[in-house]
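Chain letters run A, B, ... following the sequence lines, proteins first, then strands; residues in each count from 1.
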Amino acid sequence: MILRALLVACSLVPAVAEAQQHLQISLAGDISTQNCAYGRGDSAIQEAKAQALAEISRQVKSGSLLSLAESQQSLSSETISYLQTLSSLQQEGMDLQGLKTDISAPVLQGSETCITVTLLHQSLSQGQSEGGWATTDEVISVTVVGEGWEDRQRGVSARKSAELDALRRAISQVVGTWLTEQRSQHSNTAELTTETTSNFELQSFVAQQLQTKSAGTVKAWSVLESQPIQPNGMKVTIRADVEKTPLAVASKNILQQIGSPRVAVVAPQPLADTLRLWLSEQGIEISSAANLTLRASHQLIKRSGTARLNLSIILEDQAGNAYGRWQNRPELIALPYSDQVLRDLIKVHLSTDGQKKEFHQQLNSAFMRVVKEEGLIHDIFISSQYLSQPDRLNSVLSTMGGASAVSVSHSDGIYKAQMRFTGTTGELVAALRQSLQPIAGRVMPQPTINNDFNIRFD
Amino acid sequence: MNRTVNIIFSLIAASVLTACQSTQQAQQTQTGNVSNRASNAQIAKSAYNFEDQDIKVPAFFDTQGLANCNFDRASEADNCPLKKPVVRMYFSGTDVGGEGQGVQALREYDNNQLLKMLENQFAGINRFRIVTRDDAVISKEQQLQLEQQGATNVATRATANRVLQPDYVVKLDTLRTVKNEGSITGWMDYTLEITSAIIDPYTREMLAYPNVGKIRVKSEDVRDRSELKYVMANNRHVSGFRYFDSAHVNAVMNDMASRGIDILLTRMLSEMPATAQVFGIKGNQISLDRGQNAGVLPNETMIVFQYSAGFVEPIGVANVNPSRNSAMGEITLWKDSKLADSIAKQAEAGVYRPDSNTKIFAVSVGTPAGFLESRT
């Protein structure tokens, strides 16, 4: 037994010595070693690099590198202390992968690819992560620059317009921070924010919506610097304190408005069923009375005993305005032609991650367009008995905040008003009751809400 | 005096004539016979049977190294020798015209099945990346996977692995002819001619390289004449080869086409020989930077040569066996030259590695000796 232990010990001694020979320390304190990995190309190089760094890490941790360095007379005391710091950081669990390394040109040897990895002498202090949304302060302060020009028609001075621009930028910047935070914390928002065509677009869109809806998110602001831009322009630098909570709540509302709309599905079977199921899985509500309609159609392309699927979907509103369009990639798969092939192909195409994303993206940008175009179209029915001045209906509705594109028609004693509105149905009902009061003949009753887009006073 | 002048003039005239006779027309070409004999396969001599004068660098060698390669099959750099063109193969048969004994049966010959054979054989030599046209098998397999693995799995795979887009089309044209000889006892004589073309499907350019020429296969190459004999009486078939029966004719044509494809493969291997760079030489052993990935086949006979300043100098001949991405070879005969002696001496003492100014390559001399027995 003792003899065996001695043999093992003897066999270990040269191994350590050999391992030390693999590593080289330059006068500047760079540590390099050569390593080979089976294969060719990037994967082999990465593997060889990882092995080399693991080897360096092992020797740094075990202290054998330090004793090798101390045995080399030519190394400066500064280099030795660097190696000592490296060694202690390694023992604390620092990962070498994050440090600066240099890799030589790969050399092929038989079936292996060999590289020399050099861990460069570098500063070992770790950078502090910058404070963002996660800080405990209730207010985030940002410094932004805004530009504006005089608008005589609207009676807005250049300074005012520059300040408004700067405030919008300040909100946009904070919304960006909030979105980033949301993306990392909540998968639902992450899905929406990562799938929308451009995050920047989403960010400025939310900021724009916030500014039009309410101005309560900026708590205080001050102009730090202003300078004129020729002609009739002004550039201001402001420092704005943006309140986190109202901004987060308002942003969330807007995102919900874009992210979970309702749609009606018009499609031939079996596509309609599959599509309904799929939409529900995506968090999109289906309602036959929804203002937005998904109109889908399919076509089988047959060739030499096989079939492919051509799937096309258009998103439009009741009035027939198209907001988005999605087309699958028929080249993805061909299956042998049979009675079941349509069902199978639909299933595969709607399971494809990439196509799913594309579809979702199309839907999101369509919904965003809907909100951008000042809301969805709502139908309001008012019985003529409640209106004393029906001729003023159009002008009264047009002056309502958030309302646009108003049109009024009359039949069978009922006035039908069609309009776009940016807010929720509750907000619309409240606004209607308020605005209609002056032209109402008697007290307006509680309206019947058939669905979000159909409000009746009768 | 006059006589002397006459003699001088005569001498001058004679010398001019002699001079004229000496400027003969240059003979740079000679008449060759256009033959219609059957084609045959050319295969490499085993490296063990080489003699000194055989060690010469063959045509189509390539001295491109692997420095530009990223070793990713899907997105290999254009200037990497491992990048292979993606091709789709077509076997187009010309209709057999005219009427006569056995013509109808020959006309019915369907060469679609041959296409599959062609794809299979071509894939094995690793000179091209082949996109199969076998839709039936592929769609059947995808249907089965859909049933067994589910739609999500199939959809994920289908998205990640798109069908390759061919760079070129490899088209094989065949010309089939038949004639019969004899009267009461006659025999059928079939001929199959194959030519191949590589076409860019967008520019419609037909590439000049690789040029495998024309391959002619005759029925006597695959069948004894006695097997194609038949007996007629009162203009009716009595016994022997059933030339009117398409199944029997198909059997003969299939063998002929198969032989044609074999010859085509051997010509392709000579036209596009495997080339690899030599890392080092130890004794008689050479280590190469490419293997199966560059189409090196087992028992490849390769000429090892030094490439320096645009000149090639053969060093020896080696028998090479590949692994997946490298190859090992044994130099069976060193060239009788100063350079080869010097390298052999250095390799004897340890590992000889070429310096930065010289490069050593190994190039295949064609289809390996055992290829036809083991692969066709």
Side-chain angles (χ1 to χ4, degrees), chain A residues 36-48 105-114 274 277-278 281 300-309 311 328-359, chain B residues 65-67 69-77 80 82 112 133-147 149-163 165 276-280 285-294 322-328 351 353:
Chain A
C36 301
Y38 177 82
R40 297 274 190 267
D42 201 40
S43 60
I45 293 172
Q46 288 308 324
E47 197 187 326
V107 178
L108 303 181
Q109 276 184 21
S111 293
E112 296 186 324
T113 304
C114 302
T274 324
L277 193 70
W278 186 82
E281 281 169 8
L300 275 183
I301 312 161
K302 295 176 205 160
R303 191 177 66 83
S304 59
T306 62
R308 291 174 186 277
L309 178 71
L311 203 62
N328 75 329
R329 295 203 303 268
E331 70 279 4
L332 196 70
I333 191 167
L335 294 175
Y337 184 73
S338 72
D339 297 343
Q340 283 295 312
V341 74
L342 181 61
R343 209 170 278 273
D344 285 347
L345 283 171
I346 290 174
K347 221 192 283 175
V348 173
H349 277 277
L350 290 183
S351 317
T352 315
D353 265 352
Q355 302 215 51
K356 240 193 237 177
K357 264 189 194 147
E358 270 172 35
F359 186 21
Chain B
L66 299 183
C69 299
N70 59 26
F71 301 97
D72 180 2
R73 214 170 141 74
S75 64
E76 192 52 272
C80 166
L82 298 179
N112 264 335
R133 288 182 52 213
D134 199 340
D135 290 345
V137 167
I138 301 299
S139 63
K140 177 83 190 147
E141 175 56 21
Q142 288 186 337
Q143 176 75 55
L144 276 177
Q145 292 214 7
L146 183 62
E147 283 160 23
Q149 318 292 332
T152 314
N153 203 327
V154 169
T156 314
R157 284 276 186 98
T159 319
N161 303 299
R162 302 295 298 276
V163 177
Q165 184 180 15
Q277 192 169 351
V278 179
F279 290 137
Q285 209 186 121
I286 55 170
S287 169
L288 305 178
D289 66 349
R290 282 156 254 187
Q292 282 169 295
N293 56 353
S323 73
R324 190 191 286 182
N325 49 30
S326 65
M328 293 302 295
V351 179
R353 291 197 191 281

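Contact of A:Asp42 with chain B is made through the backbone alone, with heavy-atom distances under 4.5 Å. Within the 4.5 angstrom heavy-atom criterion, no atom of A:Glu112 approaches chain B. Within the 4.5 angstrom heavy-atom criterion, atoms from both the backbone and the side chain of B:Thr152 approach chain A.
In this structure, the separation between CD on B:Gln143 and OG1 on A:Thr306 is 11.5 Å, given to the nearest 0.5 Å. In this structure, A:His349 NE2 and B:Thr159 OG1 are separated by 9.5 Å, a value rounded to the nearest 0.5 Å.
For B:Arg157, the CZ atom counts as loosely surrounded, since its 6.0 Å shell holds 12 or fewer non-hydrogen atoms of other residues, nucleotides or ligands. Heavy-atom contacts from other residues, nucleotides or ligands closer than 6.0 Å to CZ of A:Arg329 number more than 12.
Across all their heavy atoms, A:Ser351 and B:Ala151 have their closest contact at OG-CB, 3.5 Å.
Two residues are said to be in side-chain contact when any heavy atoms from C-beta on lie closer than 4.5 Å; B:Phe279 and A:Leu108 meet this criterion. B:Gln142 has its side chain within reach of A:Leu335: a pair of non-hydrogen atoms, C-beta onward, lies under 4.5 Å apart.
Heavy-atom pairs under 4.5 Å with chain A peak, among B:Leu66, B:Leu146, B:Asn70, at B:Leu146. For chain A, the option among B:Asp135, B:Thr156, B:Val154 with the highest count of heavy-atom pairs below 4.5 Å is B:Asp135.
Judged by distance alone, with hydrogens and angles left aside, the side-chain atoms of A:Arg40 form a donor-acceptor pair with the main-chain N or O of B:Asn325 at under 3.5 Å.
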